[in-house]
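Structure first, then comments.
Because only heavy atoms are used, hydrogens play no part in the values below, and waters and symmetry mates are left out as well, while side chains stay in.
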Amino acid sequence: MTVDSSAARKRSAAGKAGTTGSKTGTAGTKSGATGAKRTTNTTRAPRTARAGARKSTEPALVQLLTPEGKRVKNAEYDSYVAGLTPEDLRGLYRDMVLTRRFDAEATALQRQGELGLWASLLGQEAAQIGSGRATREDDYVFPTYREHGVAWCRGVDPTNLLGMFRGVNNGGWDPNSNNFHLYTIVIGSQTLHATGYAMGVAKDGADSAVIAYFGDGASSQGDVAESFTFSAVYNAPVVFFCQNNQWAISEPTEKQTRVPLYQRAQGYGFPGVRVDGNDVLACLAVTKWALERARSGEGPTLVEAFTYRMGAHTTSDDPSRYRGDEERQAWEAKDPILRLRRYLEASNHADEGFFEELEAESEALGKRVREAVRAMPDPDHFAIFENVYADGHALVDEERAQFAAYQASFADAEGGH
């Protein structure tokens, strides 16, 4: 699918925030002028982005909100969240709660046989909502298959995400409507798409940016390495946002790399930052900083959101086979939603009425998603055999016949009872 340049189509939209949920997309943003010249990368990264080169045993971690809900001052990143109002903070909390509710409903629907598969984001809400709310309307997002929270921030209806997992479409939204590309199942390939698109944005002379999402497992793919090379050499306005959730299916991060993931950027000539991926304020601030670098012609940035996948890799996975309960319990204490709630309550930014209303809204969302999925048609079991060859093929015909006989066996069994 060819995607029209968002920069060419939406120059007039520069500076506008996303349209769904809280209005935090532009707070603290200082973008360059439209048509700014892309220059070589001469701006040094903040000290937190460089510190890892000096001390790799305990990498620098950008954190603005502790697990206990305490606000931590940070001279380098505070300015990027200084403009947030209590309403904005409540909006971030609402985004995370509703995203988690949608995710839980989708998991339940898969268990009930309504979806073929589901990739849960449980535990990664802060990384996705924080970074998603940092984007502008004219920025372009390239997701993997787990960015349900980012999709929410970009205004994609949650029910549109489920058609692919039910097998009734190849993606239920128009990428150009929200500057949010279709989900990418092939691991790491979307970073190449994002880099090429960002190079086009630079040639258009616009000040918009591109952000590509991938996981710690994808960071081992050659496509990601090539993306780093091209983006650095061509000074592409792209942010690589790696959600390090500690496990590439059953492989822990320490079996994928000898250094913290964010330090890989140094070898390609651009800065890397490790951020507390369970801290929505830190993720928002660091991503804003990185996107501003991109828009002003300073090139790519690698952001490593240090977080944790609380559930299975997908609903076909059993994490109990490769990790212990104590590990999950340790990360539950760092829950991204709980820490923001503690901050809201301690700061008197939200009362019990707000949480009760949000709970009701959450249940209504779950009901809407459930009804929408059950109203979807059953997938065409034989569609997989179409369009494999333009003129047909004897082997495909044979396989189709075998599959038809297999399907018919279920009807025969039901008729025999």
- Message: Looking at D78 and R71, is any side-chain nitrogen of the basic one under 4.0 Å from a carboxylate oxygen of the acidic one?
- Response: yes
- State, to 0.1 Å, how close T307 and G123 come at their nearest heavy-atom pair, and which atoms those are. OG1-O, 3.2 Å
- Y213 pairs by ring-ring contact (aromatic ring centres under 6.0 Å, His included) with which of F241, F240, Y145, Y140? F241
- Message: So L161 and Y183, do their side chains get closer than 4.5 Å, heavy atoms only?
- Response: yes
- What distance separates R264 CZ from S220 OG, expressed to the nearest 0.5 Å? 5.0 Å
- Item | Note: D378-R166 ion pair, threshold 4.0 Å (strictly below) | yes
- Query: Do E87 and T85 get their side chains close enough for a donor-acceptor pair, meaning under 3.5 Å?
  - Reply: no
- With a 4.0 Å cut-off, would you call E105 and K367 a salt bridge? no
- Closest non-hydrogen atom pair, T315 against T107: CG2-CG2, 4.3 Å
- Decide yes or no on side-chain hydrogen bond (donor to acceptor under 3.5 Å, both in side chains) for D279 and Q63, but give the supporting numbers first. CA-CA 7 Å; D279 177 355; Q63 185 182 82; 5.4 Å; no
- Query: Between D335 and R341, is there a side-chain N and carboxylate O pair less than 4.0 Å apart?
  - Reply: no
- Starting at CD of Q243, measure out to OG of S131 and round the result to the nearest 0.5 Å. 6.5 Å
- Item | Electrostatic pair D139-R295, nearest N-O below 4.0 angstrom | yes
- Query: Would S120 and D103 count as having a side-chain donor-acceptor pair, cut-off 3.5 Å?
  - Reply: yes
- Query: Just checking, is any N or O donor in the side chain of H181 or Q190 under 3.5 Å from an acceptor N or O on the other one?
  - Reply: no
- Item | S362 side-chain N/O to L358 backbone N/O, donor-acceptor pair under 3.5 Å | no
- Item | Residues W152, F102; criterion ring-ring contact (aromatic ring centres under 6.0 Å, His included); working and verdict | CA-CA 10 Å; W152 173 269; F102 161 69; 8.2 Å; no
- Item | Flag side-chain contact, heavy atom, 4.5 Å: V280 against P336 | no
- Any salt bridge between R328 and E332, counting N to O under 4.0 Å? yes
- Between F270 and L302, is any pair of side-chain heavy atoms under 4.5 Å apart? yes
- Query: Knowing that exactly one of Y262, F228, F230 qualifies, which makes a ring-ring contact (aromatic ring centres under 6.0 Å, His included) with Y268?
  - Reply: F228
- Task: Determine whether the side chains of Y80 and N74 contain a donor N or O and an acceptor N or O closer than 3.5 Å.
- Result: no
